[in-house]
Engineer: 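Before I ask anything, let me first share the structure, which is written out below as structure tokens.
Values reported hereafter were calculated over all heavy atoms of this structure, with side chains retained and with hydrogens, waters and symmetry mates removed.
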Amino acid sequence: MQPPSDLSPPPPSSPPADTPASAAAQTPSLPDTPASLDPDTPFSDAAPVDASDADIPALAPTPDGALASASDAPGDGEDDGITNPSGGSSRKHMTLAPPAAASKKSKKKGGNSVWTRPTSRKGKKKARQPGGPGGGASGAHPGPSAGGDELCQLVPATRLAAERNDDAAAQPVLLSRFFKSERIEVSDDRLTAASTKGYRMVVRATRGVAAGAWYFEVRVVHLGATGHTRLGWVTNRADLQTPVGYDAYGFGYRDIDGAKVHKAWRDKYADEGYGEEDVLGFYISLPDGEQYEPKQPDLIQYKGMPFHVQVPKEEQKIPAPVPGSEICYFKNGVCQGSAFKDIPGGRYYPAASMYTLPNEPNCVVKFNFGPDFEFFPQDFGGLPIPQPMSEVPYQALEVKNEGPAENGIAEKTS
């Protein structure tokens with residue numbers, strides 16, 4: 001997209017000497033570029049920090065007594081280059097103000113959050129097991145790590161009541177009203193989603209799967225001149241404010257050219273893309289996947305309050321792959337080929353991300369979790385025949401009464 005002709009770009013600033021030249025280049029905002037984390041500026045990256053805003057220690061005049069003592073110090077009597085503009089011999093000696101004393105507690109983002117390690121054992125934490133990424137013995141299929149050595153953040157579950165009301169035993173599988181970007185609009189029947197102003201994502205449906213073979217459909221209702229979609233499967237660790245497939249916890253199918261997307265990389269997949277009124281099918285197979293699903297609790301009771309367990313991105317470990325697992329996409333009942341194999345263990349949810357320019361009609365998609373599909377495939381090429389997502393059983397939101405360890409010491413819980 002070219003900038004308007006009546007606007008001229010600001011003069012480029014020189015990058016620091018230790019900054020590579022490539023780091024100074026600006027990335028263009030393309031339709032498949034993830035939206036900004038700021039909901040009001042979805043087409044731009046975070047504003048660069050001005051060099052004048054750097055945290056520079058202030059200059060402060062030294063008291064007379066301190067100046068006298070400083071002049072007596074060996075090697076401190078040389079001229080510091082500050083001269084009196086009036087020409088006199090007297091001058092004001094300027095020194096750097098002493099840095100502020102570091103506080104005992106480091107201030108982390110989220111003042112009410114607790115940083116802890118997810119274990120209830122007393123004493124030293126368990127050493128890492130040799131072998132594969134899941135901590136299993138070499139030669140055997142490694143199970144996923146429970147995150148015993150990962151630093152976790154406990155975030156207060158302030159919306160626990162709303163989260164609990166998101167699904168119920170008497171309800172079918174629907175789109176989540178809780179696990180979605182705030183820019184996403186969900187219909188009253190909770191089967192249709194619409195979005196504008198950059199890529200946003202309905203992170204998931206109300207129920208996910210960790211084992212077996214499953215299938216659902218999505219009809220592209222409206223794209224318009226500027227609309228685009230990425231549809232597919234994500235785990236509960238996927239970022240709400242980015243397209244499906246932007247991180248390691250999502251696997252997307254792109255409308256523009258039919259490419260597959262994972263970890264923000266687009267690879268050639270289908271021979272062509274898809275558009276309005278096309279019906280896309282989404283297949284996943286996770287043989288014995290329950291053995292590879294991370295067992296770390298998502299919600300715990302800590303000091304009488306419910307907390308969500310979150311692992312910082314820099315501490316997250318990708319779960320071990322599920323042997324024989326596979327994801328395939330279908331267009332109007334025709335398989336487009338195998339998209340991903342041996343995907344990481346986890347609980348996978350149907351998901352959609354949508355893009356539209358501002359002041360344009362919303363991009364709209366409609367989910368069909370079954371059992372009555374429009375284009376249920378007749379041939380799965382030897383893969384297990386899937387069940388419709390409508391048959392996924394309800395799982396009550398469980399708050400586990402566990403005491404996480406702070407600084408290696410376990411908390412006792414009632």
Engineer: Any chance you could lay out the side-chain contact (heavy atoms from CB on, under 4.5 Å) test for Ile256 and His228, step after step, and finish with the verdict?
Structural biologist: CA-CA 7 Å; Ile256 296 178; His228 298 289; 3.3 Å; yes

Engineer: May I ask you to check whether Trp233 and Tyr253 place their ring centres under 6.0 Å from each other?
Structural biologist: no

Engineer: Using modelled atom types only, decide if a donor and an acceptor are shared between the side chain of Arg204 and the backbone of Ala351 within a distance under 3.5 Å.
Structural biologist: no

Engineer: How close do Lys180 and Arg177 get, counting heavy atoms only, and between which atoms?
Structural biologist: CE-O, 3.7 Å

Engineer: What closest approach, in Å, do Phe330 and Gly333 show between heavy atoms, and which atom pair accounts for it?
Structural biologist: CD2-O, 4.0 Å

Engineer: Is the closest side-chain heavy-atom distance between Tyr349 and Thr235 below 4.5 Å?
Structural biologist: no

Engineer: Could you tell me whether Glu272 and Lys331 make a salt bridge, using a distance below 4.0 angstrom between a side-chain N and a carboxylate O?
Structural biologist: yes

Engineer: Apply the test side-chain contact (heavy atoms from CB on, under 4.5 Å) to residues Val309 and Ile300: give CA-CA distance (whole Å), side-chain angles for both, the deciding distance (0.1 Å), then the verdict.
Structural biologist: CA-CA 7 Å; Val309 179; Ile300 67 171; 3.9 Å; yes

Engineer: With side-chain contact (heavy atoms from CB on, under 4.5 Å) as the test, would you mind laying out the steps for Ser195 and Asn362 before giving the verdict?
Structural biologist: CA-CA 5 Å; Ser195 177; Asn362 284 359; over 6 Å; no

Engineer: Just wondering, do Leu231 and Val244 contact through their side chains at under 4.5 Å, heavy atoms?
Structural biologist: no

Engineer: Rounded to the nearest 0.5 Å, what separates atom OH in Tyr249 from atom NZ in Lys263?
Structural biologist: 9.0 Å

Engineer: Tell me, do Val209 and Trp214 make a side-chain contact under 4.5 Å, heavy atoms counted?
Structural biologist: yes

Engineer: List the atom of Tyr292, the atom of Pro319, and the distance in Å for their closest heavy-atom pair.
Structural biologist: O-CB, 4.3 Å

Engineer: Measuring from atom OG of Ser353 to atom CG of Asp239, what distance do you get when rounded to the nearest 0.5 angstrom?
Structural biologist: 11.5 Å

Engineer: Would you check if there is a donor-acceptor pair between the side chains of Glu326 and Ser285 at a distance under 3.5 Å?
Structural biologist: no

Engineer: Under the criterion salt bridge (charged side-chain N to carboxylate O under 4.0 Å, His left out), I'd like the reasoning laid out for Asp166 against Arg190: C-alpha separation, chi angles, the key distance, then a yes or no.
Structural biologist: CA-CA 11 Å; Asp166 199 42; Arg190 297 174 62 183; 3.2 Å; yes

Engineer: Taking atom CG of Asp342 and atom CD1 of Ile327, what is their separation to the nearest 0.5 Å?
Structural biologist: 11.0 Å

Engineer: Do side-chain atoms of Thr356 reach the backbone of Cys363 as a donor and acceptor pair under 3.5 angstrom?
Structural biologist: yes

Engineer: Any side-chain donor paired with an acceptor under 3.5 Å for Tyr274 and Thr229?
Structural biologist: yes

Engineer: With a 4.5 Å limit on heavy-atom distance, are the side chains of Cys335 and Tyr283 in contact?
Structural biologist: no

Engineer: Measuring only between side-chain heavy atoms, which start at C-beta, is Val220 closer than 4.5 Å to Leu280?
Structural biologist: yes

Engineer: Can you spot which of Val279, Thr192, Val364, Asn368 makes a side-chain contact (heavy atoms from CB on, under 4.5 Å) with Arg219?
Structural biologist: Val279

Engineer: So do the side chains of Glu277 and His222 get within less than 4.5 Å of each other, counting heavy atoms only?
Structural biologist: no

Engineer: Grab the two heavy atoms, one from Val392 and one from Gly208, that are nearest each other, plus how far apart they are.
Structural biologist: CG1-O, 3.6 Å

Engineer: Both conditions, 6.0 Å and 45 degrees, for the charged tip of Lys260 above the ring of Phe251: are they met here?
Structural biologist: no

Engineer: Heavy-atom count check: over 12 atoms from other residues, nucleotides or ligands less than 6.0 Å from Asp271 CG?
Structural biologist: no

Engineer: Please report the interatomic distance CG(Leu175) to OG1(Thr206), rounded to the nearest 0.5 Å.
Structural biologist: 8.0 Å

Engineer: What are the two closest non-hydrogen atoms of Leu223 and Gly275, and how far apart are they?
Structural biologist: CD1-CA, 3.9 Å

Engineer: Do Phe367 and Glu217 have side chains that get closer than 4.5 Å, going by heavy atoms?
Structural biologist: no

Engineer: In a check of ring-ring contact (aromatic ring centres under 6.0 Å, His included) between Tyr215 and each of Phe282, Tyr329, Phe375, Phe376, which one passes?
Structural biologist: Phe376

Engineer: Please lay out, stage by stage, how Ile184 and Val186 fare under the test side-chain contact (heavy atoms from CB on, under 4.5 Å).
Structural biologist: CA-CA 6 Å; Ile184 292 287; Val186 176; 4.0 Å; yes

Engineer: Measuring from Gln171:CD to Asn165:CG, what's the distance to the nearest 0.5 Å?
Structural biologist: 8.5 Å

Engineer: Closest heavy-atom contact between Ala157 and Leu299?
Structural biologist: CB-CD1, 3.9 Å

Engineer: Is any NZ, NE, NH1 or NH2 atom of the basic residue among Asp255 and Arg230 found under 4.0 Å from an Asp or Glu carboxylate oxygen of the other?
Structural biologist: no

Engineer: Got Leu191 and Leu174 here, is their nearest side-chain heavy-atom distance under 4.5 Å?
Structural biologist: yes

Engineer: Between Arg207 and Asp167, is the salt bridge (charged side-chain N to carboxylate O under 4.0 Å, His left out) condition met? List the steps.
Structural biologist: CA-CA 8 Å; Arg207 300 176 195 175; Asp167 192 15; 2.9 Å; yes

